Amino acid sequence: MKKFLVFLLVSGVLVGGPLYYYYVNYNTTDYYTQINKGGKRTYDTEDGNPDARHYKYEYQLESFNDKGEKRVESFNTVEDKPLKENAYLKLKINKKKGVMGWEEVTKDALPKTIEEKFSK
């Protein structure tokens with residue numbers, strides 16, 4: 001009986017540990033935002049070569065989840081072009097790491113509670 005309990009405990013740690021790690025570091029919640037102000041153009045440089053600049057746009061916008069809870073999130077574009085003005089985005093947000101990704105969505109794809117927030 002003791003061996004069986006030890007086996008269950010060890011199995012639980014071996015399976016549960018990685019699952020918990022994945023949940024904490026990669027689980028995301030969907031938030032929605034609208035590009036209602038321009039982003040700030042910035043750049044990164046490569047080490048040792050200050051002339052090699054990688055431009056990006058930084059945004060800091062209010063976003064809402066399905067329940068209508070508000071969050072202010074910061075995220076960057078990858079390319080040297082701004083996002084479309086008044087476009088709607090679905091942000092993938094991790095509690096620990098922030099914005100993990102985003103995609104543009106149509107106004108029809110927004111949940112009703114979110115649509116009301118942006119029509120004000």
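As the structure is a prediction and not an experimental result, all values here were calculated from the model.
Judged as a side chain to side chain contact (heavy atoms under 4.5 Å, CB included), and not counting sequence neighbours, K3 has no contacts. For the side chain to side chain donor-acceptor pair (under 3.5 Å) test, no residue two or more places apart in sequence or in another chain qualifies with N76. With sequence neighbours excluded, the residues satisfying side chain to side chain donor-acceptor pair (under 3.5 Å) with K92 are D30. Shown here are the side chain to side chain contact (heavy atoms under 4.5 Å, CB included) partners of V13, two or more places apart in sequence or in another chain: there are none. In this structure, the side chain to side chain donor-acceptor pair (under 3.5 Å) partners of K96, at least two apart in sequence or on a different chain, are N25. Scored by the side chain to side chain donor-acceptor pair (under 3.5 Å) test, K67 finds no partners at all (sequence neighbours excluded).
Closest heavy-atom contact between N94 and N27: ND2-O, 2.9 Å. The minimum heavy-atom distance linking G98 with E73 is given by the pair CA-OE1, 4.3 Å. The two residues S74 and Q60 have their closest heavy-atom pair at OG-CG, 3.6 Å.
A salt bridge does not link K40 to E58: none of the charged side-chain nitrogens sits closer than 4.0 Å to a carboxylate oxygen. Ion pairing between a basic and an acidic side chain is recognised when a charged N comes within 4.0 Å of a carboxylate O; R71 and E62 show no such pairing.
Following chains of ILVMFWY side-chain contacts shorter than 4.5 Å, one can reach L61 starting from I93, so the two form part of one hydrophobic cluster. Cluster annotation: Y31 and L83 are assigned to the same hydrophobic cluster (Ile/Leu/Val/Met/Phe/Trp/Tyr, side-chain heavy-atom contacts under 4.5 Å, transitive). The same ILVMFWY cluster, assembled from side-chain heavy atoms under 4.5 Å apart, contains both F64 and V105. By the rule that hydrophobic residues join a cluster once side-chain heavy atoms approach within less than 4.5 Å of another member, M100 and Y22 end up as members of one cluster. Criterion: ILVMFWY side-chain heavy atoms under 4.5 Å apart, direct or through other members. Under it, V99 and Y57 are part of a common hydrophobic cluster.
With rounding to the nearest 0.5 Å, the separation of OG1 in T77 from OH in Y59 is 6.0 Å. Note that CH2 of W102 is 14.5 Å distant from OG of S63, once rounded to the nearest 0.5 Å. If you take NZ on K90 and OH on Y32, they are separated by 4.5 Å, rounding to the nearest 0.5 Å. A distance of 6.5 Å separates OG1 in T33 from CG in L89, rounded to the nearest 0.5 Å. The distance from the CG atom of N36 to the OH atom of Y88 is 9.5 Å, given to the nearest 0.5 Å. Annotation: the span from K56 atom NZ to T42 atom OG1 amounts to 5.0 Å, rounded to 0.5 Å.
Within the 4.5 Å cutoff, no side-chain heavy atoms of S11 are placed close to those of L14. With contacts defined as side-chain heavy-atom distances shorter than 4.5 Å, the pair Y43/H54 does not qualify.
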Test side-chain contact (heavy atoms from CB on, under 4.5 Å) on L9 and L5 and set out the steps. CA-CA 6 Å; L9 180 64; L5 291 175; over 6 Å; no

